[in-house]
Amino acid sequence: MRQLEAFSLGKKFGHPETNEDSLVVMPNLGYAVIDGVTDRNGTRYDGMLSGQFASRTVKRAIEIFLLAQGDPSQPDLQFQGGEHFIDYLGRSIHAGYVAHDALAAVEADWKLRGGCTVMAAMLIGDRLEVVAVGDSGIRINGHDTLQVLKPLDDVTAILRRETWHYFEALGSSTADCDRYATSLTWQGTHNQPEGSATADPDLLATIEGRVLEACRNHLPGVPDNELLDLIQHGIAHGQGNFQNVTEPVLGYGGIDGFLVPPRFIETRSYDLAEVETIELFSDGYFKPGEGFGVAAWEAAFQEVETEDYHKIGRYMSTKGTTDTQLTDDRSYLGVRLK
């Protein structure tokens with residue numbers, strides 16, 4: 001290894017300890033970026049919100065796995081492909097539930113589970129083995145990029161965008177547009193607090209109609225019942241119905257302590273002799289850097305912030321930057337091998 005650059009920053013201003021991203025940096029063994037799923041209801045394990053707990057648990061599990069490579073006394077921890085690796089990571093979170101006497105609760109209610117994505121690059125013999133679940137990414141040699149973005153996020157991002165524009169047209173302040181759009185995106189049209197500015201039935205019917213039409217145009221192959229499930233119930237009450245299930249068109253994968261279907265596990269294998277640079281990043285970066293290194297990726301981040309601060313334009317998202325926080329945690333890890 002000739003060069004290593006790493007950067008990670010939580011989205012909440014003044015509270016770096018809430019960062020749900022984790023990095024694994026083990027030169028000559030492997031690297032990973034792990035992105036914890038934002039907690040839905042304040043559930044904590046070991047003093048951490050559930051997404052941070054999942055992220056830190058998986059980080060430690062990967063470190064143990066990498067240290068075990070080539071050790072004949074630990075046959076179960078030798079790399080045996082992507083599915084085996086992801087099952088192992090899931091079992092580490094499952095064991096955490098057991099340790100905190102929470103298994104029965106998380107089996108009954110997905111909203112209590114911790115979850116994370118992972119992008120791992122492991123040096124196994126003369127190969128670079130890449131295993132991923134979720135929307136963290138990797139770029140090899142500056143051009144070969146793997147990042148699986150989930151269309152489900154586009155539905156809730158459109159819900160947020162349309163709500164933002166609706167209230168903007170009414171003359172609402174930027175802060176109120178952010179607040180109302182967040183409420184609709186998070187809770188859905190069927191779960192707005194009684195008496196709030198977003199609880200009026202006629203308003204909700206109008207927004208729901210606009211969002212459904214926009215989603216049909218953007219995702220023409222998705223059935224209305226799936227779109228409505230997300231529009232009406234939002235991230236907090238609807239999104240978990242699509243995680244690690246293969247039947248819905250909008251199904252997606254996440255590591256949460258239970259089975260991840262093979263459909264949602266991405267793998268790549270490279271001849272290590274042909275790999276010059278490895279760059280891993282979480283989805284807090286909406287645009288890749290023009291070159292290798294933190295400076296290039298941070299420049300790309302600033303370009304996105306300048307163009308689409310609220311994330312309701314080209315870089316629409318389920319969240320936007322506000323006066324109190326950035327759109328998302330972001331992490332970058334670059335390794336130059338040659």
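Any value given below was found using the heavy atoms of this structure, including those in side chains, with hydrogens, waters and symmetry copies removed. Keep in mind that this is a model prediction, so the values were computed, not measured.
A donor-acceptor pair shorter than 3.5 Å can be found between the side chains of Glu279 and Tyr332. A donor and an acceptor atom, one from each side chain of Asp328 and Ser317, are nowhere located under 3.5 Å apart. With hydrogens and angles left out, the side-chain atoms of Glu129 and Ser269 include a donor and acceptor closer than 3.5 Å. For the residue pair Tyr270/Asp144, the side-chain donor-acceptor check at 3.5 Å is satisfied. No side-chain donor-acceptor contact under 3.5 Å links Glu162 and His165. Thr18 and Gln52 are not linked by any side-chain donor-acceptor pair at a separation below 3.5 angstrom, with hydrogens and angles left out of the test. Asp35 and Ser282 share no donor-acceptor pair across their side chains, judged by distance under 3.5 Å alone.
For the atom pair Ile235 CD1 and Thr318 OG1, the distance stands at 4.5 Å (nearest 0.5 Å). Rounding to the nearest 0.5 angstrom, the gap separating the CG atom in Leu149 from the CZ atom in Phe286 is 9.5 Å.
Taking the six-membered ring where the residue is Trp, Tyr285 and Phe301 present perpendicular rings, their angle passing 60° and hence far from 30°. Ring-plane geometry between Trp164 and His310 is classed as tilted, the angle between the planes lying from 30 to 60 degrees on a 0 to 90 degree scale.
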(request) Output, in order, the C-alpha distance, side-chain angles, deciding distance and verdict of side-chain hydrogen bond (donor to acceptor under 3.5 Å, both in side chains) for Thr198 and Gln192. (result) CA-CA 6 Å; Thr198 54; Gln192 291 305 296; 2.5 Å; yes
| message | One pair to check against side chain to side chain contact (heavy atoms under 4.5 Å, CB included): Arg161 and Arg210. What are the steps and the verdict? | response | CA-CA 11 Å; Arg161 182 192 70 192; Arg210 290 185 183 183; over 6 Å; no
Quiz item: What do the steps show when you test Asn191 against Trp186 for side-chain hydrogen bond (donor to acceptor under 3.5 Å, both in side chains), and what is the final call?
Solution: CA-CA 9 Å; Asn191 300 284; Trp186 195 250; over 6 Å; no
For Glu208 and His190, what are the C-alpha separation, side-chain angles and deciding distance, and is it a side chain to side chain contact (heavy atoms under 4.5 Å, CB included)? CA-CA 10 Å; Glu208 190 172 299; His190 282 197; 4.0 Å; yes
TODO: Might you work through the side-chain hydrogen bond (donor to acceptor under 3.5 Å, both in side chains) test for Ser136 and Thr117, ending with a clear yes or no?
DONE: CA-CA 7 Å; Ser136 291; Thr117 70; 3.1 Å; yes
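A donor-acceptor pair under 3.5 Å is formed between the side chain of Tyr88 and the backbone N or O of Ala61. Looking at Arg160, its side chain never comes within 3.5 Å of a backbone N or O of Ser183 through a donor-acceptor pair. Here the side chain of Thr327 pairs a donor or acceptor atom with the backbone of Thr321 at under 3.5 angstrom. One N or O on the side chain of Tyr97 and one on the backbone of Gly114 form a donor-acceptor pair closer than 3.5 Å. A donor-acceptor pair is defined here as one N or O able to donate and one able to accept, closer than 3.5 Å; no such pair exists between the side chain of Gln243 and the backbone of Tyr252. Within the 3.5 Å criterion, the main-chain N or O of Gly289 finds a donor-acceptor partner in the side chain of Arg139. The backbone N or O of Asn141 lies less than 3.5 Å from a partner atom in the side chain of Thr277, making a donor-acceptor pair. At distances below 3.5 Å, not a single donor-acceptor pair connects side-chain atoms of Glu226 with backbone N or O atoms of Pro248.
You'll find the side chain of Leu227 reaches within 4.5 Å of the side chain of Arg216, heavy atoms only. Two residues are said to be in side-chain contact when any heavy atoms from C-beta on lie closer than 4.5 Å; Ile62 and Met122 fail this criterion. Residues Asp46 and Thr57 fail the side-chain proximity criterion, which asks for heavy atoms closer than 4.5 Å. Side-chain contact check for Phe242 versus Asp229: some heavy-atom pair is nearer than 4.5 Å. A 4.5 Å side-chain heavy-atom check between Met119 and Val130 finds at least one atom pair inside the cut-off. Using a 4.5 Å heavy-atom cutoff, the side chains of Leu128 and Ile140 are in contact. Asp329 places a side-chain heavy atom less than 4.5 Å from the side chain of Lys11. Side-chain atoms of His15 and Gln325, non-hydrogen and from C-beta on, never get closer than 4.5 Å to each other.
Both the sub-6.0 Å distance and the 45° axial angle are satisfied by Arg113 relative to the ring of Phe258.
Ionic pairing of Lys287 and Glu305 is not present here: no N-O contact between side-chain nitrogen and carboxylate oxygen is shorter than 4.0 angstrom. Taking a cutoff of 4.0 Å between a charged side-chain nitrogen and a carboxylate oxygen, Asp308 and Lys311 do not qualify as a salt bridge.
The shortest heavy-atom contact between Ser8 and Asn19 is OG-ND2, 2.8 Å. Minimum interatomic distance between Gln78 and Gln74 (heavy atoms only, all atoms of both residues): NE2-O, 3.0 Å.
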